[in-house]
**Q** 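First the structure, then my questions, so here it is.
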Amino acid sequence: MSTRTREGSRAASEDTKSQIKAAAQMLFARHGVDAVTVQQIVSAAGQRNNAALHYHFGSKEELIRQMVVDGASVLDERRRGMLQEIKARGGPASIREILNVLVMPVIELAEDERWRGYIRFTSILQASDRKTLRAALNNRWNTGYVTCFDYLKKMLPLPAKIIEQRLTLFSIYANAVLSAHEAALESKSRSDRLWDQNFTIDNMLDTMEAMITSRPSAQTLAKLRSSKD
């Protein structure tokens, strides 16, 4: 086989893999990971039978793992770059600065049609099969995310247990809101009174900041103290 033929075969193989990933990404985003079959994925990718997916990925589980890593590596590179800039300026000046690092790369990713569906796909996986998501990330592809949370834990002037719970709630809220934003972009042919406002992203960040920084109520603090007792 000539070098040109081998290169052409390799390129065709990569094209098929990309088509399968793109098809799976949108199907998972719209219907959930568990509800989508291998046959539905290969059909949406324009392939003739299930053998195409098994040939390129081995299994649906490996396809999911690779899809998680593909997007996570892009997000992590962007976040680490932003964090390096903050570090060069002497460290974060505000909690909002860290929220920007967490959220804006996701906004940017959603605006790129190549990644449309990725946010909803990983949010669904986070809710339904966190073990698979964590195994795919492998403490390697989310280092920027982890660094942001480490900063927030140090910067928030709240009891440790409150901080831990607030950050968990923040993650759930952020996943839901950013998934809604991505879905709206997919339907961009229709006017959207929420996302078409020029202040919406900033206002969304306002709500996230308020969520993690607001003073705990007297009831919450009383129950926190009683749980320690």
Side-chain angles (χ1 to χ4, degrees), residues 25-26 28-30 32 68 71-86 89 91-128 130 133 137 141-158 162-217 220:
Q25 190 164 273
M26 288 311 307
F28 291 157
R30 291 170 179 167
V68 169
S73 62
V74 174
L75 288 172
D76 197 49
E77 182 178 8
R78 178 73 174 113
R79 283 181 176 134
R80 287 188 289 108
M82 294 172 76
L83 287 168
Q84 286 172 359
E85 292 177 6
I86 290 172
R89 297 196 298 267
S94 67
I95 286 170
R96 182 59 165 257
E97 197 169 22
I98 298 302
L99 292 183
N100 280 329
V101 177
L102 283 168
V103 173
M104 294 314 297
V106 182
I107 297 290
E108 294 166 6
L109 196 77
E111 290 172 348
D112 184 340
E113 289 193 10
R114 157 70 180 84
W115 297 106
R116 195 67 48 78
Y118 180 82
I119 308 307
R120 283 167 288 166
F121 153 57
T122 51
S123 294
I124 289 169
L125 196 61
Q126 170 84 3
S128 64
R130 188 176 300 179
L133 180 63
L137 294 172
W141 305 109
N142 61 342
T143 57
Y145 184 90
V146 171
T147 299
C148 286
F149 271 62
D150 286 342
Y151 272 128
L152 291 174
K153 288 173 185 176
K154 294 174 184 175
M155 296 170 74
L156 287 166
L158 298 168
I162 296 293
I163 292 174
E164 181 181 355
Q165 197 170 79
R166 288 276 179 95
L167 293 180
T168 299
L169 292 170
F170 162 81
S171 296
I172 295 169
Y173 173 64
N175 280 340
V177 174
L178 293 169
S179 292
H181 173 249
E182 182 189 67
L185 289 174
E186 186 184 339
S187 305
K188 62 183 178 181
S189 59
R190 300 197 302 267
S191 177
D192 190 304
R193 288 189 300 172
L194 171 61
W195 298 107
D196 287 349
Q197 303 291 337
N198 66 355
F199 57 81
T200 297
I201 299 300
D202 294 291
N203 194 29
M204 178 190 70
L205 284 162
D206 290 345
T207 68
M208 292 179 177
E209 186 172 6
M211 180 180 200
I212 62 174
T213 60
S214 64
R215 179 178 173 79
S217 67
T220 297

**Q** With heavy-atom distances below 4.5 Å as the criterion, would you say the side chains of T207 and Y173 are in contact?
**A**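 Contact flag for T207/Y173 side chains = yes.
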**Q** With sequence neighbours excluded, what pairs up with R114 under the salt bridge (Lys or Arg N to Asp or Glu O under 4.0 Å) test?
**A** none
**Q** Looking at F121 and Q25, what are the two nearest heavy atoms and their distance?
**A**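 Closest heavy-atom pair between F121 and Q25: CB-O, 4.3 Å.
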**Q** Between D202 and R96, is the side-chain contact (heavy atoms from CB on, under 4.5 Å) condition met? List the steps.
**A** CA-CA 10 Å; D202 294 291; R96 182 59 165 257; 4.2 Å; yes
**Q** Would you check, one step at a time, whether the test side-chain contact (heavy atoms from CB on, under 4.5 Å) holds for F28 with L125?
**A** CA-CA 9 Å; F28 291 157; L125 196 61; over 6 Å; no
**Q** Do the side chains of M104 and I201 get nearer than 4.5 Å, heavy atoms only?
**A** yes
**Q** Could you tell me which non-hydrogen atom of L152 sits nearest to which non-hydrogen atom of I212, and how far apart they are?
**A**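 Looking at all heavy atoms of both residues, the shortest contact is CD2-CD1, 4.2 Å.
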**Q** Got a second to check how far L109's CG is from R78's CZ, nearest 0.5 Å?
**A**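 So the CG of L109 and the CZ of R78 are separated by 11.5 Å.
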**Q** So, the side chain of T200 versus the backbone of D196: is there a donor-acceptor pair under 3.5 Å, distance only?
**A**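 Not confirmed, T200 side chain does not pair with D196 backbone.
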**Q** At their closest point, which heavy atom of I162 faces which heavy atom of P216, and how far apart are they?
**A**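 Minimum heavy-atom separation between I162 and P216: CG2-CG, 4.2 Å.
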**Q** So, taking the atom named CG in L102 and the one named CZ in F149, what distance separates them when rounded to the nearest 0.5 Å?
**A** 5.5 Å
**Q** When rounded to the nearest 0.5 angstrom, what distance separates OG in S123 from CG in L133?
**A** 9.5 Å
**Q** Can you tell which of T143, T147, N142 makes a side chain to side chain donor-acceptor pair (under 3.5 Å) with D76?
**A** T143
**Q** Could you please spell out the steps behind the side-chain contact (heavy atoms from CB on, under 4.5 Å) verdict for V146 and R79?
**A** CA-CA 10 Å; V146 171; R79 283 181 176 134; over 6 Å; no
**Q** Is the CZ atom of R89 crowded by more than 12 outside heavy atoms at less than 6.0 Å?
**A** yes
**Q** Can you establish whether the number of heavy atoms outside E108 located under 6.0 Å from its atom CD is more than 12?
**A** yes
**Q** Is the shortest side-chain heavy-atom distance between M204 and I107 below 4.5 Å?
**A** yes
**Q** Taking the side chain as every heavy atom from C-beta outward, state whether P105 and Y145 have any pair of such atoms under 4.5 Å apart.
**A**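 Side-chain contact under 4.5 Å: no.
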**Q** In Å and rounded to the nearest 0.5 Å, what is the CZ to CG distance from R166 to L158?
**A**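 Nearest 0.5 Å value for the CZ-CG distance: 5.5 Å.
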**Q** Got more than 12 heavy atoms from elsewhere within 6.0 Å of CD, E111?
**A**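 Yes - once you tally the heavy atoms of other residues, nucleotides and ligands closer than 6.0 Å, there are more than 12.
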**Q** Check whether any side-chain heavy atom of Y151 lies under 4.5 Å from a side-chain heavy atom of V101, and answer yes or no.
**A**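 Not in contact.
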**Q** For Y118 and A72, indicate whether the former's side chain and the latter's backbone hold a donor-acceptor pair under 3.5 Å.
**A**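 Looks like yes, one N/O pair under 3.5 Å.
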**Q** Donor-acceptor check, side chain of T122 to backbone of I119, threshold 3.5 angstrom: yes or no?
**A** yes
**Q** Assess whether atom CD of E77 is packed by more than 12 heavy atoms of other residues, nucleotides or ligands within 6.0 Å.
**A** no
**Q** From T213 OG1 over to M208 CE, what is the distance, rounded to the nearest 0.5 angstrom?
**A** 13.0 Å
**Q** Compare every heavy atom of G117 with every heavy atom of E182, then report the nearest pair and how far apart it is.
**A**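 Result for this residue pair: OE2-N, 2.9 Å.
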**Q** Shortest non-hydrogen contact from P92 to I98?
**A**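 P92 and I98 have their closest heavy atoms at CB-CD1, 3.7 Å.
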**Q** Between E186 and R116 (salt bridge meaning N to carboxylate O under 4.0 Å), is one present in this structure?
**A**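 Judged by the 4.0 Å cut-off on N to carboxylate O distance, E186 and R116 do not form a salt bridge.
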**Q** Between S187 and W195, is the side-chain contact (heavy atoms from CB on, under 4.5 Å) condition met? List the steps.
**A** CA-CA 11 Å; S187 305; W195 298 107; over 6 Å; no
**Q** Compare every heavy atom of I95 with every heavy atom of M155, then report the nearest pair and how far apart it is.
**A**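 Nearest heavy atoms, M155 then I95: CE-N, 3.6 Å.
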**Q** To the nearest 0.5 Å, what is the distance between CG on N100 and OG on S94?
**A** 7.5 Å
